Amino acid sequence: MPELPEVETICRGLRPMLVGRDLIRVTARRADLRIPLPSDLAARLEGRRVERIDRRAKYILIRLDDSTVLIVHLGMSGRLAIAPTPPPSLDPHDHVIFELAGGARLIYRDPRRFGLITLATESELESHPLLHHLGVDPLAVAFDGGHLSALFKGRRTPIKAALLDQRVIAGLGNIYACESLFRARVSPFRLAASVAGRRAERLAGAIRSVLEEAIAAGGSSLRDYVQASGELGYFQLRLAVYGCAGQPCPGCDCGGTIRRIVQGGRSTFYCRHRQR
DNA sequence: CGGCAAACCTGCGAGC
DNA sequence: TGCTCGCAGGTTTGCC
């Protein structure tokens with residue numbers, strides 16, 4: 001499912017297919033996504049040209065030629081992909097169809113409907129309720145250990161939970177939070193405020209490298225994630241701990257076994273020997 | 001401030 | 001084969 005690397009991969013895949021193309025027709029097949037689809041979605045999009053595609057945390061921002069911005073979040077099970085040609089029959093969970101000049105179709109599919117599609121204008125974007133609280137992008141140049149420990153200062157919550165807090169770091173999800181902590185050898189139980197100095201440098205570096213490797217691999221393909229091209233990723237990032245409960249710790253010869261625990265209602269996978 | 005559970009939905013794999 | 005159960009990548013809300 002879409003965490004930051006998957007969303008980034010989708011944006012990169014969509015750009016060559018979408019930028020510069022006109023939206024001819026937009027069809028909403030059902031409107032009850034996480035937030036209701038705007039009733040004027042089609043009216044505001046049809047006839048517009050796509051100017052650029054950006055990612056903010058796990059949001060896809062599709063900018064159009066009249067300063068309208070199409071905001072897409074994929075939730076847990078969402079996909080946004082160009083339909084292959086010839087087009088297969090629609091799936092029951094294909095909720096919004098964007099027909100492009102030239103005949104291609106962009107399809108938003110989301111079985112669980114935890115995702116959303118909405119509209120904003122360029123001037124509304126900065127203070128938009130979905131976006132304004134988002135923290136620093138972990139791939140930003142400014143993101144480093146010093147930045148990380150400043151963000152965590154005074155926070156008496158386990159580092160694992162803090163990493164998932166989008167108000168602090170925007171874009172990390174459960175998989176990459178687990179993988180980053182493992183790589184940095186930081187215990188998921190450790191209080192966020194105690195992650196500073198060299199440990200914070202290690203963690204910031206681990207977050208960056210894990211995300212960059214995942215993007216380079218085209219996102220890690222789990223159950224229902226498909227790249228914008230509609231194909232499964234060629235390469236699947238090798239996950240060191242996520243989903244690996246009971247397996248020997250892959251990081252070193254510590255002899256530990258990967259354990260699964262629950263923190264804040266989310267699974268955490270870690271090695272108690274390697275991570276301190 | 002923070003932790004926790006529940007809510008939103010559907011699909012899938014495991015186990016019986 | 002077919003049923004039930006548990007679990008899933010996210011986010012928000014409300015309660016203690």
Side-chain angles (χ1 to χ4, degrees), chain A residues 1-10 29-37 55-60 71-81 91-96 108-118 128-135 138 151-181 188-194 207 210-211 214-215 217-227 232-233 236-246 259-269:
Chain A
M1 260 291 308
E3 295 184 30
L4 186 153
E6 289 74 25
V7 176
E8 179 63 30
T9 299
I10 289 170
R29 301 177 73 221
R30 67 180 295 172
D32 53 339
L33 306 183
R34 179 156 70 84
I35 62 176
L37 216 53
R55 175 187 62 75
R56 175 77 179 103
K58 299 169 197 168
Y59 290 88
I60 300 168
I71 302 174
V72 180
H73 193 290
L74 300 174
M76 297 267 271
S77 60
R79 307 175 187 188
L80 188 62
D91 180 276
H93 305 299
D94 289 343
H95 303 313
V96 183
Y108 178 77
R109 176 181 301 183
D110 185 4
R112 292 177 72 179
R113 308 208 310 282
F114 281 14
L116 65 88
I117 294 180
T118 194
H128 195 283
L130 289 170
L131 306 176
H132 81 274
H133 66 282
L134 291 171
L151 292 170
F152 287 154
K153 189 170 185 191
R155 291 193 56 118
R156 304 192 52 77
T157 187
I159 183 70
K160 167 66 187 328
L163 289 179
L164 293 180
D165 186 342
Q166 302 297 301
R167 296 169 299 183
V168 182
I169 301 176
L172 267 195
N174 203 33
I175 293 178
Y176 296 109
C178 291
E179 294 293 320
S180 299
L181 287 170
F189 295 107
R190 177 176 282 279
L191 294 187
S194 78
I207 290 169
V210 163
L211 293 177
I215 291 169
S220 54
S221 294
L222 294 179
R223 287 188 195 102
D224 46 15
Y225 168 66
V226 180
Q227 284 188 49
L232 287 171
Q236 184 165 345
L237 181 74
R238 187 185 193 87
L239 299 176
V241 287
Y242 190 87
C244 299
R259 300 177 149 235
R260 174 186 177 272
I261 58 169
V262 175
Q263 291 178 293
R266 313 294 304 278
S267 290
T268 297
F269 297 87

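Lettering follows sequence order; numbering is per chain, from 1. Note that the structure is predicted; figures quoted are calculated from it, not measured.
Between Arg79(A) atom CZ and dG11(B) atom P the separation is 12 Å, expressed in whole Å. Put simply, CG on Asp165(A) is 10 Å from P on dT12(C), counting in whole angstrom units. Look at CZ on Arg155(A): it is 9 Å from C1' on dC1(B), rounded to the nearest Å. Whole-Å rounding puts the Ile35(A) CD1 to dG10(C) P distance at 18 Å. In this entry the distance linking CZ of Arg167(A) with P of dT13(C) reads 11 Å, nearest Å. At whole-Å resolution of the value, NZ in Lys153(A) and C1' in dC1(B) are 17 Å apart. Regarding Asp110(A), its CG atom lies at a distance of 13 Å from the P atom of dG10(C), rounded to whole Å. The nearest whole Å value for the distance from the CZ atom in Phe189(A) to the P atom in dG3(B) is 13 Å.
By the 30° and 60° cut-offs, the orientation of the rings of Tyr59(A) relative to His73(A) is perpendicular.
For dT11(C), the OP1/OP2 oxygens have a side-chain nitrogen or oxygen of His73(A) closer than 4.0 Å. Between dC1(B) and Thr157(A), no contact under 4.0 Å exists linking OP1 or OP2 to a side-chain N or O. OP1 or OP2 of dT11(C) has at least one side-chain nitrogen or oxygen of Gln166(A) nearer than 4.0 Å.
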Pairs under 3.5 Å (N/O, protein and nucleotides 5-9 of chain B):
from   : atom 1 : to        : atom 2 : distance (Å)
dC9(B) : O3'    : Arg113(A) : NH1    : 3.3
dC9(B) : O2     : Arg112(A) : NE     : 2.9

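Within the nucleic acid shown, Arg156(A) comes within 4.0 Å of sugar-phosphate atoms alone, with no base atom in reach, counting heavy atoms only. If you check every strand for non-hydrogen atoms under 4.0 Å, Pro92(A) touches nothing. Residue Arg260(A) is classed as a sugar-phosphate contact, given heavy-atom separations below 4.0 Å to backbone atoms only.
Here salt bridge (charged side-chain N to carboxylate O under 4.0 Å, His left out) pairs that include residues 154-164 of chain A, with residues two or more places apart or in two chains, are Arg155(A)-Asp165(A).
For Arg29(A), the CZ atom counts as densely surrounded, since its 6.0 Å shell holds more than 12 non-hydrogen atoms of other residues, nucleotides or ligands.
Judged purely by atom type and a 3.5 angstrom limit, Arg55(A) uses its side chain to pair as donor or acceptor with the backbone of Ala57(A). Proximity of a side-chain donor or acceptor of Glu179(A) to a complementary backbone N or O of Tyr242(A) within less than 3.5 Å is detected.
Taking only side-chain atoms of Ser267(A), from C-beta outward, the nucleotide of dA8(C), dG10(C), dG3(B) with the closest atom is dA8(C).
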Here DNA chain C, pairs taken as Watson-Crick or G-U under 3.5 Å and shown with ( ), [ ] when crossing and | when to another strand, reads .|||||||.|||||||

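Atom-to-atom distance recorded for His128(A):NE2 and His133(A):NE2 is 11.5 Å, nearest 0.5 angstrom. The structure places OH of Tyr176(A) at 13.5 Å from CG of Leu164(A), a figure rounded to the nearest 0.5 Å.
Side-chain contact between Leu74(A) and Ile10(A) is present, with heavy atoms from C-beta onward closer than 4.5 Å.
For the salt bridge (charged side-chain N to carboxylate O under 4.0 Å, His left out) with Asp94(A), the lone residue among Arg109(A), Arg79(A), Arg30(A) that qualifies is Arg109(A).
What you find for Ser180(A) and Val210(A) is that their closest heavy atoms are OG-CB, 4.0 Å.
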